[in-house]
Every structure is written in C-alpha cells, then in structure tokens.
Amino acid sequence: MQTSSVDPRLKGRPVARIPFDAETIARRVAELGREITAAYPDGDLLVLGLLKGSFIFVADLVREIERPLHVDFIVASSYGAGTVSSGTVRLVYDPETSLEGKHLLLVDDIVDSGRTLQELSTILRARKPKSIALCALFHKHIATELTEPVRFYGFDAPSEFLVGYGLDHAEDFRHVPYVASLQ
Ligand code: PRP
C-alpha cells in the first residue's frame, strides 16, 4: 500500500510522518469492536456516526461488532462564522430512527474541545435512549467541555495536524487509508 509522501492522494503536500498506518488502525478498530460487543450483551444498539469525519471509522467499526445493531448518521454544524466554534451545535441532518429505549453509541473521528459530542449528547439524551456512550478514534485529552467520558476510543491524538481515514484539511485527504501528519 502507498504510504509515503509521494502518495498522489496527498496532492504534493509534504508529510511529517505517518503516525497511524492502515494496519495499526485496523488492529485497534478490531479491538474496539470486541470491547463494544462485550459491553452490550443485550438490548437494541444504535451506532450513530457524526458526519463527515467518522464515515470510514464507522464503516470499519460496525463490521467488527459481532452482535445485532442498526447504523445511522447525523450531521451537525456550529452556529456562527469563523474558525472558532460559537459553542452551539445544531443538527443539519437528523436521523429518522427513534432513539427511545435503545443503547446509543455516538461515534466521532476525533475529540478536540469535546464541544461537539457534549452538545450532541445533550440534544440526543432528550430523546430517551436507554444509554448513551461516546466513541472516537482519536482523543486529544484536552476536552475541558466534555462532562462525560469517551468510553471507547482508539488512540491518544498527538498534537499534530492529522489527515486521512476520514480526517480532512479543507475537505482534502479524507480518503487516504492511513493517518498522516502534514508539515
Ligand atoms: C471535527 C471532528 C469532530 C469535531 C471535533 O468536525 O470531526 O466532529 O470537529 O471538535 P470538538 O471536539 O472541538 O467539537 P468538523 O466540524 O471539522 O466536521 P467534519 O466531521 O465534517 O470534518
């Protein structure tokens, strides 16, 4: 598999390093799948992925969860302009699926400030799921705004600009099958 800075998918952008190659990610996602399978011995499980960043992670993760489940997606957006979030999340696409009485696993690619997952879990809790758990591939551990734990996460995120496996830079590089750190 192509994993070097000459990968044409990277549009010539210099890569500092590749902290997570495809095999490393696949191994950890399989472990997470086993953890999640064990954590939900019964009940209805709904895996709800937050687009767009989680689309590859969710696709791989659900195939490692060996119990019945449903999958849906949600699209959220921060109010306000600029690069700094205003701290208020609204739902741009809202799943049709009823959450009542279900175990809800809310999946994101990366937890940064934690604001997105915090606000979404508050919104979704009002729909009376039986439980809510948070899951992310990467956790920066700087989420001062998050009052609940990220119960399932893949890796501690290094403080570098990561792209690939769903993570983007200006919408580029989401399809890169490993995670690279751009210079
Ligand atoms: C990114 C990422 C998380 C969120 C994390 O989403 O995918 O959803 O930011 O940041 P936070 O913990 O500070 O809230 P982005 O808004 O870039 O959208 P995307 O998923 O479409 O890339």
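Atoms within a ligand are numbered from 1 in the order they appear, just like the ligands themselves. Side chains included, hydrogens not; waters and symmetry mates left out as well; all remaining heavy atoms used.
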Quiz item: When the ring planes of His169 and Phe161 are compared, do they come out parallel, tilted or perpendicular, using 30° and 60° as the limits?
Solution: perpendicular
Self-check item: Where Leu105 and Ile36 come nearest, the two heavy atoms and their spacing
Solution: CD2-CD1, 3.7 Å
Exercise. Determine the minimum heavy-atom distance between Ile18 and Val179, stating which atoms define it.
Key: CG2-O, 3.6 Å
Quiz item: Are any of the side-chain heavy atoms of Leu137 and Phe20 separated by less than 4.5 Å?
Solution: no
Quiz item: Who are the residue neighbours of ligand 1 when the rule is a heavy atom under 4.0 Å from any of its atoms?
Solution: Leu50, Leu51, Lys52, Gly53, Asp108, Asp109, Ile110, Val111, Asp112, Ser113, Gly114, Arg115, Thr116, Asp168, Arg174
Self-check item: Tyr178 and its side chain to side chain donor-acceptor pair (under 3.5 Å) partner, picked from Thr24, Asp21, Asp7
Solution: Asp7
Exercise. Determine whether the side chains of His141 and Asp156 contain a donor N or O and an acceptor N or O closer than 3.5 Å.
Key: yes
